[in-house]
Amino acid sequence: MNIAEAISMADRVIVLSNRPAEIKTIHDIDLTCADGEKTPLKCREAPEFRHYFNKIWKELDIYVQ
């Protein structure tokens, strides 16, 4: 599962550290989905989606070179 899928489909996303894995952060996801439909595609259009995505991406410590 990737970050976008996790945010759009879950109520909570847990970010783990590198091995040995420990819980780094827990994000309770609260998206205002368009038209009241809570489908993954509609949830990706929520204004909060980008905030969650950027925050979780930074916590993963993944650097593209």
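Quantities reported herein were computed from a predicted structural model and do not represent experimental measurements.
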*For residues Y52 and I3, determine if any side-chain heavy atom of one lies less than 4.5 Å from a side-chain heavy atom of the other.*
no

*Roughly how far apart are H27 NE2 and H51 NE2, rounded to 0.5 Å?*
8.0 Å

*asked:* Run the side-chain hydrogen bond (donor to acceptor under 3.5 Å, both in side chains) test against T39 and tell me which residues pass, sequence neighbours left out.
replied: none

*Just do the side-chain contact (heavy atoms from CB on, under 4.5 Å) check on E48 and D30 with the steps written out, would you?*
CA-CA 8 Å; E48 307 87 7; D30 185 23; over 6 Å; no

*What residues, two or more places apart in sequence or in another chain, satisfy salt bridge (Lys or Arg N to Asp or Glu O under 4.0 Å) together with K24?*
D61

*Heavy atoms, side chains only, cut-off 4.5 Å: are F49 and T32 in contact?*
no

Under 3.5 Å, which donor-acceptor pairs link side chains of residues 6-20 to any protein atom two or more places apart or in another chain?
from, atom 1, to, atom 2, distance (Å)
S8, OG, A4, O, 3.0
S8, OG, E5, O, 3.3
R12, NE, D28, OD1, 3.0
S17, OG, E22, N, 3.0
S17, OG, E22, O, 3.4

